[in-house]
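For ligands, and for the atoms within them, numbers begin at 1 and follow the listed sequence. Side chains included, hydrogens not; waters and symmetry mates left out as well; all remaining heavy atoms used. What you see is a predicted model, and the numbers here were worked out from it, not measured in a lab.
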Amino acid sequence: MDPTPMDPTLDALAALRLQIEWGADEALAELPRDRLKAPAPARPRPIPQPAAPQPAPRQPASPPAAARPVPGAAAVPVQRAQAAAAAAHTREELRAALAAFDGCPLAATATKLVFADGNPDAGLMLIGEGPGAEEDRAGLPFVGPSGQLLDRMLASIGLDRTRYLITNLIPWRPPGNRNPTDAEVLTCLPFLLRHIALVRPRRLVLLGKLATQALTGSNAGITRMRGKWLPVTVPGLDQPVPALPMLHPAYLLRNAGAKREAWSDLLLLRRTIDSDVSS
Ligand code: URA
């Protein structure tokens, strides 16, 4: 993954710049407070509380997306997608297979196929949800406002987006930026899994709920899944690939309050990359 070694001064400046941009432009205390530190143990409550209702027993996590049964309505396009993806032995063949695939209706309304951008040999692959209007025009992922924020987020931890591979769960823009349907996700997933198998990244970053749910097979929300490395099973790879779910930059553009979690995840990403490099 080989990140640029961080000059501590540049690192601090980039982090400061990002925080100012995110609205943290005022010092509230003389000294910084580490809000990521484990909270102090809660004090005992003075008044006894009535017994809380027992939580419902946890459902076992769904199996990984690759192993999930395919709902009937989407079965034929999904099987065709699996066959087309499996027949690709290089990224170029995979891109051509996607360009020729007519089993996903999104291909008919999109302007361009958005396959990927960046360096496939980097060891780190970032996966978003699907193209927006600007990505659809450019044929490249993450070039609009979310992409610009993603670039700044990566820069704040000393990473240059051009050195890593960036792609999406859905390679065609859903009309009006609506969420893709389950059938569209199931149809596009075999291509993404094949892409991962061909690239063999050491780690994945999953941007947002859709990519996280599709690749982990879990239905949990992104706020529960983010901030920890989770195994993603990829057909054709012997080992699960560790994946870090993060809040999507588009969500961060709308929810300034969530930037603290995003910053914590970025620091985890940087620490992990550094320990990969040194191990
Ligand atoms: N959002 C995404 O998830 N991907 C893009 O490429 C752009 C915006």
Novice: Any idea which residues sit under 4.0 Å from ligand 1, heavy-atom distances?
Specialist: Gly128, Glu129, Gly130, Glu135, Pro141, Phe142, Asn168, His248

Novice: Identify which one of Ile273, Asp274, Leu267 satisfies the side-chain contact (heavy atoms from CB on, under 4.5 Å) criterion when paired with Arg271.
Specialist: Leu267

Novice: Grouping I, L, V, M, F, W and Y whenever their side-chain heavy atoms are under 4.5 Å apart, do Leu230 and Leu237 come out in a common cluster?
Specialist: no

Novice: Using salt bridge (Lys or Arg N to Asp or Glu O under 4.0 Å), reason through Glu184 and Arg178 one step at a time and then give a plain yes or no.
Specialist: CA-CA 12 Å; Glu184 287 159 357; Arg178 68 161 168 77; 2.9 Å; yes

Novice: How long is the straight-line distance from CG of Leu124 back to CZ of Arg161, given to the nearest 0.5 Å?
Specialist: 12.5 Å

Novice: Quick test of your reading of the model: are Asp136 and Lys112 salt-bridged, counting only N-O distances below 4.0 Å?
Specialist: no

Novice: Same cluster or not: Leu192 versus Val234, using hydrophobic residues (I, L, V, M, F, W, Y) connected whenever any side-chain heavy atoms lie under 4.5 Å apart?
Specialist: yes

